[in-house]
Amino acid sequence: MVKDSVVLVVEDNVSNFVLIARLLGFLGIHCEWKTSGYEVVEYADTLPKIDLILLDIRLPYEDGYSALRKIRQSERLKGIPVIAVTAEASEEQIKKARQAGFDGFIGKPLDPDRFPDQIQRILAGEAVWEMSY
């Protein structure tokens, strides 16, 4: 069920986060925010529930690939879907994200008309690997 889901958004750009938070809020999804991949596992461990992690690839201090490796090593978090969300949207980046172990890919700029559907599909267990248009 989408409503009452909790999504951890790891995004360093405030305006991108605000857009994501508004769109998730529209779906009835609670949103937590971390601005860097640094200590993402420690932060996630303080949350009672997480259903999805949206992880920017280009982050200060520690990039999304490094953060993903740590998430996958965490007993509690390793089963949670992690979606790469990045402005570096290309077939090459999608391939790299797949190889790194991401569960999906959403290119930026986010499309406010498509993003809610993408999130609903991901939370329903569907793989979403899409560039922006």
Side-chain angles (χ1 to χ4, degrees):
M1 190 163 118
V2 172
K3 195 169 169 16
D4 301 325
S5 295
V6 176
V7 175
L8 173 58
V9 179
V10 186
E11 167 66 67
D12 62 324
N13 181 299
V14 177
S15 56
N16 281 340
F17 171 73
V18 169
L19 174 63
I20 290 169
R22 282 190 179 148
L23 293 169
L24 292 175
F26 176 73
L27 294 171
I29 295 173
H30 177 73
C31 186
E32 292 287 340
W33 184 30
K34 187 96 174 72
T35 56
S36 164
Y38 180 67
E39 293 185 347
V40 72
V41 170
E42 292 83 346
Y43 178 71
D45 279 341
T46 69
L47 304 174
K49 172 186 171 188
I50 302 177
D51 298 292
L52 174 65
I53 299 172
L54 298 178
L55 184 57
D56 191 2
I57 290 178
R58 279 191 138 177
L59 291 165
Y61 314 115
E62 187 167 31
D63 72 9
Y65 291 108
S66 177
L68 178 69
R69 283 192 294 276
K70 289 183 176 174
I71 290 165
R72 294 296 186 226
Q73 290 166 0
S74 162
E75 200 56 44
R76 180 170 171 244
L77 304 176
K78 67 182 180 188
I80 294 171
V82 182
I83 307 301
V85 182
T86 183
E88 293 181 18
S90 65
E91 290 297 336
E92 188 57 39
Q93 280 297 328
I94 288 177
K95 185 177 173 190
K96 188 176 174 187
R98 275 186 197 271
Q99 289 170 340
F102 278 96
D103 298 296
F105 186 101
I106 299 175
K108 292 180 193 169
L110 297 176
D111 181 340
D113 295 326
R114 290 175 57 224
F115 185 73
D117 177 62
Q118 290 169 320
I119 295 299
Q120 288 175 312
R121 287 166 37 216
I122 291 164
L123 288 171
E126 190 179 319
V128 172
W129 295 86
E130 298 176 5
M131 289 188 282
S132 55
Y133 294 100

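- Between L59 and E62, the shortest heavy-atom contact is CB-O, 3.4 Å.
- Note that the CZ atom of R22 and the CZ atom of F115 stand 14.0 Å from one another [nearest 0.5 Å].
- Summarising the geometry of L77 relative to A44, their closest heavy-atom pair is CD1-CB, 3.6 Å, with the distance given to 0.1 Å.
- In this structure, OH on Y38 lies 7.5 Å from NZ on K70, to the nearest 0.5 angstrom.
- Across C31 and V9, no two heavy atoms sit closer than the pair SG-CG2, 3.5 Å.
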Given side chain to side chain contact (heavy atoms under 4.5 Å, CB included), test Q93 with I57 step by step and report yes or no.
-> CA-CA 10 Å; Q93 280 297 328; I57 290 178; 4.3 Å; yes
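- For K34, there are no salt bridge (charged side-chain N to carboxylate O under 4.0 Å, His left out) partners, not counting sequence neighbours.
- The two residues S36 and Y61 come nearest to each other via the heavy atoms OG-CD1, 3.6 Å.
- Considering every non-hydrogen atom in both Y65 and A97, the closest pair reads OH-N, 3.8 Å.
- In this structure, CD on E91 lies 4.0 Å from CE on M131, to the nearest 0.5 angstrom.
- Between I119 and P116 there is no side-chain heavy-atom pair separated by less than 4.5 Å.
- One finds the CD atom of Q73 at 9.5 Å from the CG atom of L68 (value rounded to the nearest 0.5 Å).
- Residue I83 comes nearest to F105 through the heavy atom pair CG2-N, 3.7 Å, listed as atom of the first residue, atom of the second, then distance.
- Paired with V85 under the rule side-chain contact (heavy atoms from CB on, under 4.5 Å), one option of L110, I53, L55, N16 passes, and it is L110.
- By the criterion of side-chain heavy atoms lying less than 4.5 angstrom apart, applied directly or through intervening Ile, Leu, Val, Met, Phe, Trp or Tyr residues, L27 is not grouped with V6; the two fall into different hydrophobic clusters.
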What do the steps show when you test D111 against Q118 for side chain to side chain contact (heavy atoms under 4.5 Å, CB included), and what is the final call?
-> CA-CA 10 Å; D111 181 340; Q118 290 169 320; 5.9 Å; no
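- Looking at residues two or more places apart in sequence or on another chain, you find a side-chain hydrogen bond (donor to acceptor under 3.5 Å, both in side chains) between R58 and E88.
- The closest side-chain heavy-atom distance from I106 to R114 is not below 4.5 Å.
- P60 places none of its side-chain heavy atoms less than 4.5 Å from the side chain of T35.
- Note that the CD atom of E32 and the CG atom of L54 stand 13.0 Å from one another [nearest 0.5 Å].
- No side-chain heavy atom of D51 sits under 4.5 Å from any side-chain heavy atom of I29.
- Scored by the side-chain hydrogen bond (donor to acceptor under 3.5 Å, both in side chains) test, S15 finds N13 as partners (sequence neighbours excluded).
- A 4.5 Å side-chain heavy-atom check between V10 and D56 finds every atom pair outside the cut-off.
- Between the CG atom in L8 and the CD1 atom in I80 there is a gap of 8.5 Å [rounded to 0.5 Å].
- V7 is not listed as a side-chain neighbour of I20, based on a closest heavy-atom distance of 4.5 Å or more.
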